[in-house]
Amino acid sequence: MLASTLGPTPYLVLGALLFTVGATGLLVRRNPLVMFMCVELMLNAVNLTFVTFARELDDIGGQVVVFFVLVVAAVEVVVGLGIIVAIIRRQPNATADDISLMRG
Amino acid sequence: MSVLAADIGGFPLLTSMVVAPAVGAVLTALVSRRRPEQTRLIALLFVIGTGALTIALLAVFKSGHAGFQLVDRARWIKDPDISWTLGVDGISLWLVVLTGILFPLALLGAPPHHDEKPFYAWLLLLEAACMGAFLALDLFLFFVMFEIVLVPMYFLISGWGYGGRRYAALKFFLYTMFGSAFLLVGTIALAFLHAKGGPVTFDLRTLADNQGMVAATTARWLFLSFAIAFAVKVPLFPVHTWLPDAHTEAPTAGSVILAGVMLKLGTYGFLRFGLYLFPEASVYFAPFMVTLGVIGIIYGAMCAAMQKDLKRLVAYSSVAHLGFIALGTFALTTQGVQGGVLQMINHGVSTGALFLLVGMIYERRHTRQISELKGLQKSAPIMAGVFTVVMLSSLGLPGLNGFVGEFLILLGSFITRRWWAAVALFGVILAALYLLWAYQRVFHGEADEANATFREMRWTEGLVMAPLLALIVFMGVYPKPFLDRIAPSVDRLVTHVEHNSEYRQPKVATDGPRAVRAKVGK
Amino acid sequence: MVELLVFIVASAVVLVGALGVVFNGNPVHAALSLVATLFGVAVLFIAQDAQFLAAVQVIVYAGAIVVLFLFVIMLLGVDRSEDLRSDALTGQRPAAVVAGVLLGGSLVAVLVASSITGARSSGAKITTGVPNVNQLARLLFTDYLFAFEITSALLVIAVVGAVMLARRRKGTTVDADEADPVTRLGVGQDAR
Amino acid sequence: MTAFLGQLGPVTRIDTPPVAWSALLPVLVLLGGAIVLLVAGALLPRRTTFGWHATLTIVIAAGSIAAVVPLWFRVRDHGPLSVAANAIRIDGFALFFAVVIAGSVILAALLTDGYLRRENLEGAEPYVLLLLSASGGLVMASANDLIVMFLGLEVLSIAVYVLAGMHLRRLRSAEAALKYFVLGGFSSAFFLYGVALVYGATGTTNLSKIANFLATNVLAEDGLLLAGFALLLVGFGFKIAAVPFHSWSPDVYEGSPSPVVAFMASGVKTAGFAGLFRVFVFAFSSYRVDWQPLVYGIAVITLLVGAVLAVVQTNVKRMLAYSSISHAGFVLVGVQAANERGVSSAMFYLAAYTLMVAGSFGVATLVGRRGDDHHLLADYRGLGRTEPLLAFSFVVFLLAQAGVPFTSGFLAKFYVVGAAVDAHSYWLALVAMLSSVISAYLYLRIITTMYSDAEDSETADENPAGSAVPRLAIPLAARIALVIAVVGTIGLGLVPGPLHDASRHAVPRLASGR
Amino acid sequence: MEHLIWVIPALPLAGFLLLVAFGRRLGEPWAGWLATLMVVGSFVASVALFLVARGSRGGENHVLTQRLFTWIPAGGFRADVGLLADPLALTMCLFVTGIAALIHLYSIGYMHGDANFSKFFIFMNLFVFSMLMLVLGDNLLITFLGWEGVGACSYFLVSFWFTQEANASAGKKAFVTNRIGDVGFMAAIFFTFVSVGSIRYADLLGHASGLATTTATAIAILLFVGAVGKSAQIPLFVWLPDAMAGPTPVSALIHAATMVTAGVYLMVRINPVLAEASPWVPTLIAIIGALTAFIAATIAVAQNDIKRVLAYSTISQLGYMFLAVGSGAYVAAIFHMITHAFFKALLFLGSGSVIHGMGEEQDMRRMGALRKLMPITAITFLVGWLAIAGVPPFAGFWSKDDILLAAYHKSPLLWAIGVVTAVLTGFYMSRQVFLVFFGQARWAESDTTTGEAEQSAAGVTDDSGETSTHAEDEKVAPMVHASASTASSPTSDAGDDHHDVHPHESPWQMTLPLVVLAGLATVGGALNLPFLRRLLFLEHWLEPVVHFGEADISVATSTKLVLAALAGIGAVLGILLAVGVYLRGRGDRSKIEAPALANGWYIDSSFAAFVARPGTRFFEAVAWFDRTIIDGAVNGVAMVVRGGGDRIRTLQTGYVRNYALGVAVGAIVLVGALLSRAVF
């Protein structure tokens, strides 16, 4: 166990940055797979935040939440990849920008 | 105060007047599409039955009473308190009777050319809604009826109208709905503010008779929200432009009902829900409303004069006529308001008749363009004669109905608003101008080839016009029975306004010569 | 001091990995960068007394999820590198950067300014004596029992969804706008 | 499981909290039913002559509703129930939404049956997902913990992502799934971050505790909390398709299989609102002065943008999608009021809207024809003549959406506006009504198109437009769905009392503001 | 007996109703006889009532009233259908019904063969009814009822031959111009009610002395506006010449004898109010009257249409009456009204007889020497001529003399105008008589001459820019604007039938009224002979009605005689001048018949140019405004919504990353908004 000398703020800020990088990444990348990865980054940022708060609040509940987030992330990936597989089969090498039949 | 339904043996007369056409509509809709004659029969049966009920109403109506009579009441929604409350007084009585009379005539006089079944169903539904709106004594119920009339009318215009019917129907619906948006918010706000956290009720009499629950400034805002809705419906300048389109494109029956009955929802609304609910605000905004009315009179007449389409011309004349009604209503004198109420009926009869006639002309010539019509009087003298009488009624010739209302309105407004009345008087000249000019172009002159074979009125058409003509003459010569029933309620309304505001109508309006003698005596 | 050192190193790994995900044109590389981030986060978990979660993070995330990603990349053969020099959507990239800066900025500002609210745990405390796993497990089956149960529904969805989506459907595409009318109306056969 | 726990017993005995399973019955019926259906689906042939899958789904959903009934009275007489360590709260509110969501499942299932046959997509999976998604909705409506809420949201959403992409031969379907999924994941992350921040600010994820905490403590620094509010609002805003988080919905509604859209617009949206109420109106009620302006703003732009954009569409499904956005704005007006009237009016609205919108998309399902691709306005031309009853039912739904009296839509609007007025949000009420005027244009446009023949009706008498197009096949199940929706829409318009009373009873007592 | 006042108007009303119902079935001539019978009955009833009123209480004038039913009750306002048969009303009744009866009889002959024979009598009976209501009404509103009623009948009858646009336009013009005056009347009614609380004459006139001067002035002026419209005074006289488009009996009855004098009647009726009004009011009335008399007379000099001459003459004579009213000589006004009714009806009927005999020819230039062919017509016409010219001892002399005397009392200048007008009257009437009955027969002249005449007529009208009235009417004219010339150029005579004209005397139904009227025009002066007080029958009879306002004219007898002599000399002078010009052929006719005069001083055309045209343009501008601005705003809102929709729609790009950006931006905005709350 490491002594808590640093305080929560650096962790939280790191989480915020990670979240931002993930969010921005989703906005700038065209490959749907990478976009999913960015969502994973965001979820990880949240996880980090939860854990930080858990320690700060001295509440194990925050850690349990991470557990559930992990499950959700996994499920999302499964379904998301399923969708991508379905799409790429019909439109090989399609990027997110190519998938824009509907608009307006 | 109010005479209850129990007084006539418990028969819910008013409710039946609303329900009967609605039932008729459903039955008509249920008849097989392949039996048009049956639909027609059923529709006629119900529409005439409803007319008969309104005549019965006339018989049981106690003419000395000022308050609401024959009140039917049943709870509809518990919280907020909304109930099916119907009642009639002198202000609504004739409108109801007018509705009862005009619908059969419209149905008989202007049958549709296709799809009889839905046409009749919508028409019956429209009648139910109009009846409901005139009889409702619950603000919510009124709003519901006020709003629902749009639907059948929309379908009537868009389904059976002429060339630009879709645009016209849409414009009509949206424009009126735009007004209703304000009305709904205003209605709810009034009820909630009035409740002050207590139980919310929409009962008209409760809301109106307990003034002072809403602050004066708030009441003015609320009045405005009501006024927008009614102004659109009337329609007053400058929110009138839906009317020419709707009137012109609507099928004849639609135009008749639109002009004869539906426009009255606006003016009736001003009386029943403007003056009654917001006496102080009505007084406050009276100059404004009167100005709008006067602008409408002059402006409508000018526009009417310039129309190339006969139906459009009649439509604009409605703008002018309803300007008169607005003027009378907000003159806030007993003469003005009585004249306004009477003029609603007059306008319904005269303009309804005009639209029927224009419809007959269209039937024969398939055009409404004035320039394409000429010299019809030669081949159709009787129709020309009928048209003349209706036209003279519309331009307010003494001895015919239009004059009585117009005169009272002008007199009433002259008492309180001399200069407005003076300007409005010019509307009388302009009315003669545009109507006679139109008549001249359509009926006078030598008929060209297309118009030479114009068919004279058939006796069935004459039969439809006869009651209207009779009313035009009767109301012009002997309006007393009408005014006798209108007067107590109007007096009560004006007194209500006086009680709840600083406004006092000049003594001469109520006392006549006695007032002047008293003044001289001093 | 140790914590600071760990934090600096781990956070560097996390951020570099994250940026790697964003800036690597090749999806495989991006996935590998993601692994770096996940590891970094796991380290930070440990630094904050969440040892079990760190383990799960490595096993489930790095071990399963990223592998899944890589598997799909290989399966579909979409490992072609993406050209990151330009963005076809006008304004998207600068807007994204601005949005990122604003979002990050405001979040950081909030966290820096008001992380201490005075709130204290109202649930189970992190007790140092008991193993992390035990504590988690206890909470999982008490306070979070329902949440735990509902994750089962999620997993069922994942299974059913994957089956549905990945099932190879024969037959032509019904609504490809380029398709000619004949194929457009053509009805494909079911998978079975 | 017990055996497993028993083995660990001596080491660390975990006393699972007593769970009142009966209180969870509505959810459990759906969950269990989904599993049963999954298994049954594996046993039954994929292509069945009778709609076994749909029937079973309906039975399950109906069972869920049936399970609500005793609970309803129990809750009414003995107060709300806290279940599973207070993670779930079964109160009238939750039960009301359970019925609405389960009802939307029934309608969607009725529509799905014929659709799947028509599109050659038979199988039990769509129904399984439908049921699972609905269970997520029920969880959201009854969640008393942000984590449970989040999980419910995910259960609800992920199943629908899959359903959106169900029609794999349609590119649009896949595209809808992808868009929905990417954006859904994106916004879930925001939501989750919001949960984290609220957790950090209050020390708990339990909504009761949060409410308690916020009511009893004065926060010196509430930035964390407020930022959490904002991010949670993003998540909910996405789910209910409020502007500016709406952009997915027209594309997804257009692309997804129409019966699924019926569920999305009714069940999913309803569940989203249920969560929004739970979190914001109930738990965060003492901070309402902070979030009310935001909801006010969102409501205004949602109302207007939805209505205005709907007007310029040519695809009926997109029109309905945008109008659905505008309707969300209406419900947000109820949210903004943040009083008991507001909640109950929004509940009434959602219940009424469920019927209308499910019916509307039901019609769209049928008119879409094989390939689910005939959704242009032009495809509706002449429907009034060829399919008078179908057209009539669509008219009812559209008029109800326009807020014409004697339909449920009118009363829904009336109640919502009443709530806004009660909260003194007069201008918002006015904006709402005006936006409904704009929307009315759209509905009338559709209606007019249905009742206009070919190009010009003057000449149409000789040549009825519909003659060239084959008659639509309207399966019995879809007929039933439409009849239910029509009867419900008109019935609620005439006799709103019972439903409105129910919604009034279902509203928990709200704490007063800060 | 007083309960039977209603019989007087009821008979024509019954006739009207019967003809509406059975007119077509009765057909010619029985419809005409029925109508005539009704009017005769009405006349008999009037006479009976007159005898009753005169006979009772030893010659005391007796006022009979009858209230039939309440017409419009509203609050303190109450208008009854009440009849008031006082001397004034009875006087009017007598001559209205009397002359109407004669004209009805005449019409049976005149309208012979018309397709709408019975319809004509429907309107005639309705007119008589309306006129009687106007006269007998016991309150302003009943008078107004009649007032508008006669206006409407005038409209129907002027445009009776509706197939010609000109007639239709003339009818419309008459009605609309009248309405301008009617508005004044209505306003006066309002004023009366507001200040008196009642609109009964009994209340208004009984309390006139209690009226404030301003109120009395307002009422008087407004009623005068009404009178100006109805009685065709400056500036609203333009309709009357056009109204000649109607059948000649109509012109005689409505536009000469009765309706147009209603304004005078009204002024006399309210003389107590006039007395209370500011002094400038009577003066204004007198000036307007004098000017109208003079200007109309000058115009009459240059007219070629036989009826138009008479029309302007009527306007001129009405001017005299107003001059009398303005001078306070109410009895003189009524006196002149009656004598004028006699001789002008006579002249019109005579002209009608001529037109009838000439086969619908109205241009005097195509007549001449008719005295031999139409002896009865000619002789009676000559009587009328002398009467209107004011040659003693014919009726016109006495009444005109009375007026001039009063005018002199008011102001010598007015008197001077009156005398000049008298000279002109003598001149133009003589001109007419000579052109029609003397000289050479011109109806059979060759086409070229006729063509020239026509062309000159056309040239004259061209100046006013009105030849194309028919065509332009469509475009220009909702405004009062019709055809100064149209009535004078009947389109039927375009050169195909006037060779076949065989002038002949008219049937007895037409000549009998001529003879009767000629007799009346000769002896009509006896009603009010100035020689002895006892002979001032009319003055005594009307005394109770006019005693409030009648000016006390105290002029020395010698002055009276001089004035009378001057008036007589003036008339003779005018006749002699005409003899010189038109019989002897001295002087240049074209100088006298100047285009300015022929075109009525361009008043009508300038009205068209300066009022009607800009008015039309203004109306068009309003209609444009309505279409473009008001309705444009409505459609503009729709366009803004659509345009906004299209604009916002472009944000919906279809790219999922754009959508995500939207979500992110939304999140930032929300966070920012909430944080700003936290910070501030």
Side-chain angles (χ1 to χ4, degrees), chain A residues 1-3 5-6 8-14 16-25 27-31 33-34 37-38 40-41 44 47-48 51-52 54-55 57-61 63-64 66-68 70-75 77-79 81-86 88 90 93 97 101, chain C residues 2-4 7 11 14-15 18-19 21-22 27 30-31 34 37-38 41 44-45 47-50 53 56 60 65 68-69 72-73 76 78 82 88-89 93 96 100 103-104 107-108 111-112 115 119-121 123-126 135-136 139-140 144 147 151 154-155 157-158 161-162 165-166 173:
Chain A
M1 300 293 144
L2 296 164
T5 53
L6 211 49
T9 311
Y11 295 96
L12 295 175
V13 170
L14 178 65
L17 291 177
L18 189 56
F19 188 85
T20 310
V21 170
T24 316
L27 297 182
V28 296
R29 292 303 298 263
R30 274 171 300 212
N31 189 326
L33 282 162
V34 179
M37 292 180 203
C38 290
E40 298 306 323
L41 286 180
N44 264 282
N47 280 351
L48 182 58
V51 169
T52 310
R55 187 177 67 154
L57 296 166
D58 193 14
D59 177 29
I60 195 81
Q63 293 193 9
V64 180
V66 176
F67 213 75
F68 295 119
L70 275 173
V71 177
V72 168
V75 170
V77 167
V78 169
V79 170
L81 292 179
I83 292 171
I84 290 188
V85 167
I88 300 290
R90 299 254 162 207
N93 285 318
D97 294 358
L101 275 177
Chain C
V2 180
E3 194 190 353
L4 182 63
F7 177 79
S11 63
V14 164
L15 284 177
L19 292 172
V21 173
V22 177
L34 180 61
T37 300
L38 296 175
V41 171
L44 292 173
F45 281 179
Q48 300 198 79
D49 303 338
L53 286 182
V56 174
V60 174
I65 295 179
L68 201 55
F69 268 111
V72 169
I73 291 168
L76 295 175
V78 288
E82 186 181 333
L89 303 188
R93 192 171 285 176
L103 184 66
L107 287 177
V108 168
L111 293 169
V112 170
S115 60
R120 276 289 158 264
S121 165
K125 290 190 183 341
I126 301 177
Q135 294 184 45
L136 278 174
L139 215 55
L140 209 51
Y144 292 93
T151 48
L154 268 176
L155 294 173
I157 291 170
L165 291 167
T173 308

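By convention in this document, chain letters (A, B, ...) are assigned in the order of the sequence lines, proteins followed by strands, and residues within each chain are numbered from 1.
- Distance check: Leu76(C) CG to Ile88(A) CD1 gives 6.0 Å after rounding to the nearest 0.5 Å.
- Scanning all heavy atoms of the two residues, the minimum distance from Ala158(C) to Val79(A) falls at CA-CG2, 4.1 Å.
- Both the backbone and the side chain of Asn31(A) come within less than 4.5 Å of a heavy atom of chain C.
- Atom-to-atom distance recorded for Leu103(C):CG and Phe19(A):CZ is 6.5 Å, nearest 0.5 angstrom.
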Checklist entry - Can you list the steps and then say if Leu111(C) with Thr9(A) is a side-chain contact (heavy atoms from CB on, under 4.5 Å)? => result CA-CA 7 Å; Leu111(C) 293 169; Thr9(A) 311; 5.7 Å; no
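- Of all non-hydrogen atoms in Phe45(C) and Leu48(A), the two that sit nearest each other are CE2-CA, 3.8 Å.
- From Glu40(A), atom CD reaches atom CZ of Phe69(C) across 5.0 Å, with rounding to the nearest 0.5 Å.
- No donor-acceptor distance shorter than 3.5 angstrom exists from the side chain of Gln48(C) to the backbone of Ala54(A), with no hydrogens or angles considered.
- Ranked by heavy-atom pairs under 4.5 Å with chain A, the first of Leu107(C), Ile73(C), Leu136(C) is Leu136(C).
- A 4.5 Å side-chain heavy-atom check between Leu140(C) and Phe68(A) finds at least one atom pair inside the cut-off.
- Side chains of Leu18(A) and Val41(C) form a contact here, defined as non-hydrogen atoms less than 4.5 Å apart.
- For Val28(A), the parts sitting under 4.5 Å from any heavy atom of chain C are the backbone and the side chain alike.
- Side-chain contact check for Leu165(C) versus Val85(A): every heavy-atom pair is 4.5 Å or farther apart.
- Remark: side-chain polar atoms of Arg55(A) are not paired, donor with acceptor, to backbone N or O of Ala50(C) under 3.5 angstrom.
- Rounding to the nearest 0.5 angstrom, the gap separating the CG atom in Leu89(C) from the CZ atom in Arg30(A) is 8.0 Å.
- Taken to the nearest 0.5 Å, the CG atom of Leu33(A) stands 10.0 Å off from the CG atom of Leu68(C).
- Distance OG1/Thr24(A) to CG/Leu19(C): 9.5 Å, rounded to 0.5 Å.
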